[in-house]
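Read through the structure below, which is laid out as structure tokens, and then see the notes.
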Amino acid sequence: MNSLQDLHKTASAFQKTDKMPVLFVGHGSPMNALADNPFTQTLHQLGRDIRNRQPPRAVLVVSAHWLTRGTYVAVNERPETIHDFGGFPDELFAMQYPAPGAPDVAQEVLAALPDAHPTDEWGLDHGTWTVLHHLFPEADIPVFQLSIDYGRPLTFHAELARQLQFLRRRGVLVVGSGNIVHNLRQSMPHFLHNNPAPHAWAAEFDAWAKQKIDQRDLLALAHYQQAGAAGSLAVPTPDHYIPMLYSLALAEADDDIRHAFEEVSFGGMSMRTFVVG
């Protein structure tokens, strides 16, 4: 690993760009990688819009599926496609997303987060590649991931994200990938019977979260239990919820927030996807 002086030299060498947007994507089932539906069509359009506006120099993804003790930054030059799931068709396991890594940008992140650690022992998990497969199907934009230090309070993640705001002016697209409402136990009967109807509590919490996102009320979102019983049901564990906090914390005062896709389905699954800036 380079010295701290080298890291700062590397970071300062990159030219500033126009401010990049930030995405939060409700990624849902890995099967969305194979699907052609309103959600995946939305991702395709978002990718085209971003390219037309300013092609990203790199993409940084905070995924619900990389949970660690401590904060890690992937520095791989060629990250592997991780098939971190089971019970799906062979066609899904055969999929690859051969994007290059972004070790140079990863060093910028490490310079900004002195307590973070570099690692080459992680690739692109399904919270990353199933989304990028639709956003940037050419797999030509460098990609790397930032892990979620899972033992930390939710306010920690918003504070950490704010330290990465400089990336938006370095041509880096930051993507949070999770689901605001994610209760697989309550959703499974609906999946098994192909019943797309949402539970009332899921729709209620998704609407509450949308209001708080629009108000940029990170403190309320970090204390989602204040939404009542719907909060505990919608977020039984915070792994899929935390990436949303990263995306929203990167919003600046002059940024618009646009909800690109809104759907609560199959009992307890929100596919809400929004764009900052």
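In this text the structure is predicted, and so the values were computed from the model without any measurement.
S247 places a side-chain N or O within donor-acceptor distance of the main-chain N or O of L23, the cut-off being under 3.5 Å. Counting only distance, with no hydrogens or angles, the side chain of W129 and the backbone of Q96 share no donor-acceptor pair below 3.5 Å. Although no hydrogens or angles enter the test, the distance criterion places a donor-acceptor pair under 3.5 Å between the side chain of T273 and the main chain of M271. Although no hydrogens or angles enter the test, the distance criterion places a donor-acceptor pair under 3.5 Å between the side chain of Q145 and the main chain of D125. A donor-acceptor contact shorter than 3.5 Å links the side chain of H199 to the backbone of Q186. A donor-acceptor pair under 3.5 Å is formed between the side chain of H44 and the backbone N or O of H134. For the pair D255 (side chain) and V276 (backbone), a donor-acceptor distance under 3.5 Å is absent. Side-chain atoms of Y241 come within 3.5 Å of backbone N or O of L221 as a donor-acceptor pair. With R168 contributing its side chain and V22 its backbone, the two residues share no donor-acceptor pair below 3.5 Å. R272 places no side-chain N or O within 3.5 Å of a backbone atom of V264 that could act as its donor or acceptor partner.
Atom-to-atom distance recorded for L46:CG and F136:CZ is 9.0 Å, nearest 0.5 angstrom. Distance check: T68 OG1 to I148 CD1 gives 8.0 Å after rounding to the nearest 0.5 Å. The CD atom of Q54 lies 11.0 Å from the CZ atom of R57; values are rounded to the nearest 0.5 Å. If you take CG on D149 and CZ on F156, they are separated by 5.0 Å, rounding to the nearest 0.5 Å. Here NZ of K210 is found 11.5 Å from CD1 of I257. Values are rounded to the nearest 0.5 Å. Expressed to the nearest 0.5 Å, how far CG of L192 lies from CZ of F266 amounts to 11.0 Å.
The minimum heavy-atom distance linking A99 with V143 is given by the pair CB-CG2, 3.9 Å. Minimum interatomic distance between M95 and T81 (heavy atoms only, all atoms of both residues): O-CG2, 3.8 Å. Summarising the geometry of P79 relative to G123, their closest heavy-atom pair is CB-CA, 4.0 Å, with the distance given to 0.1 Å. Summarising the geometry of L173 relative to P21, their closest heavy-atom pair is CD1-O, 3.4 Å, with the distance given to 0.1 Å. A197 and H190 make their closest contact through O-ND1, 2.9 Å (heavy atoms, listed as atom of the first residue, atom of the second, distance). Considering all non-hydrogen atoms of both residues, P243 and S63 come closest at CG-C, 4.1 Å.
Of the N and O atoms on the side chains of Q45 and R48, at least one donor lies less than 3.5 Å from an acceptor on the other residue. For the 3.5 Å distance criterion, the side chains of H157 and R152 fail to qualify, holding no donor opposite an acceptor.
Annotation: D256, atom CG; neighbour count of heavy atoms from other residues, nucleotides and ligands within 6.0 Å does not exceed 12. Atom NE2 of H223 sits in a sparse spot, with 12 or fewer heavy atoms from other residues, nucleotides or ligands closer than 6.0 Å. Residue E77 qualifies as open at atom CD: its count of foreign heavy atoms under 6.0 Å is 12 or below. For E91, the CD atom is loosely surrounded, since the number of other residues' heavy atoms within 6.0 Å does not exceed 12.
Two different hydrophobic clusters hold Y246 and W66 under the rule that ILVMFWY side chains link at heavy-atom gaps under 4.5 Å. Cluster annotation: Y97 and V175 are assigned to the same hydrophobic cluster (Ile/Leu/Val/Met/Phe/Trp/Tyr, side-chain heavy-atom contacts under 4.5 Å, transitive). Cluster membership check: F24 shares its hydrophobic cluster with Y224, using side-chain heavy-atom separations under 4.5 Å among Ile, Leu, Val, Met, Phe, Trp and Tyr. There is no path of hydrophobic side-chain contacts, each under 4.5 Å, that joins W122 to I242. When the side chains of ILVMFWY residues are joined at heavy-atom separations under 4.5 Å, either directly or via intervening members, M244 and L160 end up in a single hydrophobic cluster.
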For this session: Before giving the answer on side-chain contact (heavy atoms from CB on, under 4.5 Å), spell out for F166 and E108 the whole-Å C-alpha distance, their side-chain angles and the decisive distance to 0.1 Å.
Result: CA-CA 10 Å; F166 74 95; E108 294 181 61; 3.9 Å; yes
For this session: In sequence, state the C-alpha distance, the side-chain angles, and the governing distance for D239 and H182, and then conclude on side chain to side chain donor-acceptor pair (under 3.5 Å).
Result: CA-CA 9 Å; D239 47 342; H182 186 267; 5.2 Å; no
Problem set entry | Stepwise side-chain contact (heavy atoms from CB on, under 4.5 Å) test for H259 and D214 | CA-CA 9 Å; H259 296 268; D214 290 342; 2.8 Å; yes
For this session: Would you please test T71 and L146 for side-chain contact (heavy atoms from CB on, under 4.5 Å) and show each step?
Result: CA-CA 7 Å; T71 300; L146 174 73; 3.6 Å; yes
For this session: Decide side-chain contact (heavy atoms from CB on, under 4.5 Å) for L218 and R162; before the verdict, give the C-alpha distance in whole Å, the side-chain angles of both, and the deciding distance to 0.1 Å.
Result: CA-CA 12 Å; L218 278 161; R162 289 193 181 100; 3.2 Å; yes
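Side-chain atoms of F88 and H83, non-hydrogen and from C-beta on, never get closer than 4.5 Å to each other. In this structure, the side chains of M20 and I50 come closer than 4.5 Å at one or more pairs of heavy atoms. Under the 4.5 Å side-chain criterion, counting only non-hydrogen atoms from C-beta, L92 is in contact with F85. Side chains of L60 and L164 form a contact here, defined as non-hydrogen atoms less than 4.5 Å apart. In this structure, P238 and L154 have side chains that are in contact, with non-hydrogen atoms separated by less than 4.5 Å. Using a 4.5 Å heavy-atom cutoff, the side chains of T237 and Y150 are in contact. Looking at D49 and R53, their side chains never come closer than 4.5 Å, going by heavy atoms from C-beta outward. In this structure, I180 and F205 have side chains that are in contact, with non-hydrogen atoms separated by less than 4.5 Å.
For F144, there are no ring-ring contact (aromatic ring centres under 6.0 Å, His included) partners at least two apart in sequence or on another chain.
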With a 3.5 Å cut-off and sequence neighbours excluded, list the donor-acceptor pairs that the side chains of residues 30-39 form with protein atoms.
from, atom 1, to, atom 2, distance (Å)
N32, OD1, N37, ND2, 3.4
N32, ND2, H27, O, 3.2
N32, ND2, S29, O, 3.3
D36, OD1, Q41, NE2, 2.9
N37, OD1, F39, N, 3.1
N37, OD1, T40, N, 2.8
N37, OD1, T40, OG1, 3.3

